[in-house]
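The structure appears below as structure tokens.
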Amino acid sequence: MTLAPGSGDSADPADGPARIRLVAAGAAVVTVGAGLGLRAVAAGSVAKYGGDALYTVLLLALVVLAAPRWTPLRAAGTALAVSWTVEFFQLSSVPAELSRDSVAARLVLGSTFNAPDLFWYAVGAAGGWLLHTAMRRRRRVTAGAIAGR
């Protein structure tokens, strides 16, 4: 039962923020696994740019984990903005310096600016947006079918 039309708020706990967060956490784990798997089986541009796209998908999952009520567009836009911010931050020497001393910093911040990465982050945001939108639509259809019983 929807409390307010279009609000996304639901009286059914199976459709609430806790469930959305659980799915987002699972998506984050799957995305990390996909990134590690991609690095294990691919090399060169496929691994690099696929990893860039997956980086933004991971950020999108983390955004949804933190803000489960945000629209797919807002979540994807935020993930893309963070990805681009990190990439442009690489124009300074700070990420490279931090990456020399920390594997975690290297994984999160990278070390050198690469303009094509910006495109692949957008690919990841678009793919994540499509998946998030489809899952949200499916949840609504399922909730409507259950409510109509």
Side-chain angles (χ1 to χ4, degrees), residues 1-91 95 99 103-149:
M1 176 168 121
T2 302
L3 300 176
S7 70
D9 293 332
S10 173
D12 182 1
D15 193 34
R19 174 150 168 67
I20 295 167
R21 284 189 171 108
L22 182 63
V23 171
V29 170
V30 168
T31 303
V32 169
L36 293 172
L38 182 63
R39 287 283 182 174
V41 301
S45 295
V46 171
K48 179 175 181 4
Y49 295 126
D52 288 346
L54 288 170
Y55 178 83
T56 303
V57 171
L58 175 61
L59 288 175
L60 187 135
L62 296 175
V63 167
V64 173
L65 189 64
R69 297 284 188 204
W70 280 12
T71 66
L73 184 60
R74 185 175 181 188
T78 300
L80 180 59
V82 171
S83 297
W84 282 355
T85 299
V86 169
E87 190 67 28
F88 282 112
F89 185 48
Q90 292 170 2
L91 289 169
S99 293
V103 173
R106 187 169 39 256
L107 291 171
V108 173
L109 299 175
S111 59
T112 56
F113 178 81
N114 184 30
D117 290 352
L118 300 171
F119 170 77
W120 292 103
Y121 295 142
V123 169
W129 171 79
L130 285 170
L131 183 59
H132 188 188
T133 299
M135 290 178 69
R136 191 173 186 187
R137 189 169 291 136
R138 181 174 172 233
R139 221 174 47 240
R140 283 185 185 153
V141 168
T142 303
I146 291 171
R149 279 192 202 171

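Every heavy atom of this structure was used, including side-chain atoms; hydrogens, water molecules and symmetry mates were not.
When every heavy atom of Trp84 is checked against every heavy atom of Ala122, the shortest pair comes out as CZ2-CB, 4.4 Å. Considering all non-hydrogen atoms of both residues, Leu60 and Ala79 come closest at N-CB, 3.5 Å. Here the closest non-hydrogen pair linking Arg69 and Gly16 is NH2-CA, 4.1 Å. Contact between Val108 and Tyr55 at its shortest, heavy atoms only, is O-OH, 2.7 Å. Pro72 and Arg136 make their closest contact through CD-NH1, 2.6 Å (heavy atoms, listed as atom of the first residue, atom of the second, distance). Heavy atoms only, all atoms of each residue included: Pro17 and Pro68 are closest at CB-CG, 3.7 Å.
Using a 4.5 Å cut-off on side-chain heavy atoms (C-beta onward), Trp70 and Val64 make no contact. Here the side chains of Leu118 and Phe88 are in contact, with some heavy-atom distance below 4.5 Å.
With rounding to the nearest 0.5 Å, the separation of OH in Tyr121 from CD in Glu87 is 4.0 Å. Atom CG of Leu22 sits about 9.5 Å away from atom CG of Leu65, to the nearest 0.5 Å. For the atom pair Thr85 OG1 and Leu80 CG, the distance stands at 9.0 Å (nearest 0.5 Å).
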Which pairs of donor and acceptor atoms, one on a side chain in residues 125-135, lie under 3.5 Å apart (sequence neighbours left out)?
from	atom 1	to	atom 2	distance (Å)
Trp129	NE1	Thr133	OG1	3.4
Thr133	OG1	Trp129	O	2.8

Which pairs would a plain distance check flag for residues 29-51, meaning a side-chain donor or acceptor within less than 3.5 Å of a matching protein atom at least two apart in sequence or in another chain?
from	atom 1	to	atom 2	distance (Å)
Thr31	OG1	Ala27	O	2.7
Lys48	NZ	Asp117	OD1	2.9
Lys48	NZ	Asp117	OD2	3.1
Tyr49	OH	Asn114	ND2	3.4

**Request:** Report the C-alpha distance between Asp52 and Thr56 in whole Å, list the side-chain angles of each, state the deciding distance to 0.1 Å, and finish with yes or no for side chain to side chain contact (heavy atoms under 4.5 Å, CB included).
**Result:** CA-CA 7 Å; Asp52 288 346; Thr56 303; over 6 Å; no
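A distance-only check finds no donor-acceptor pair linking the side chain of Gln90 to the backbone of Pro95 [under 3.5 Å].
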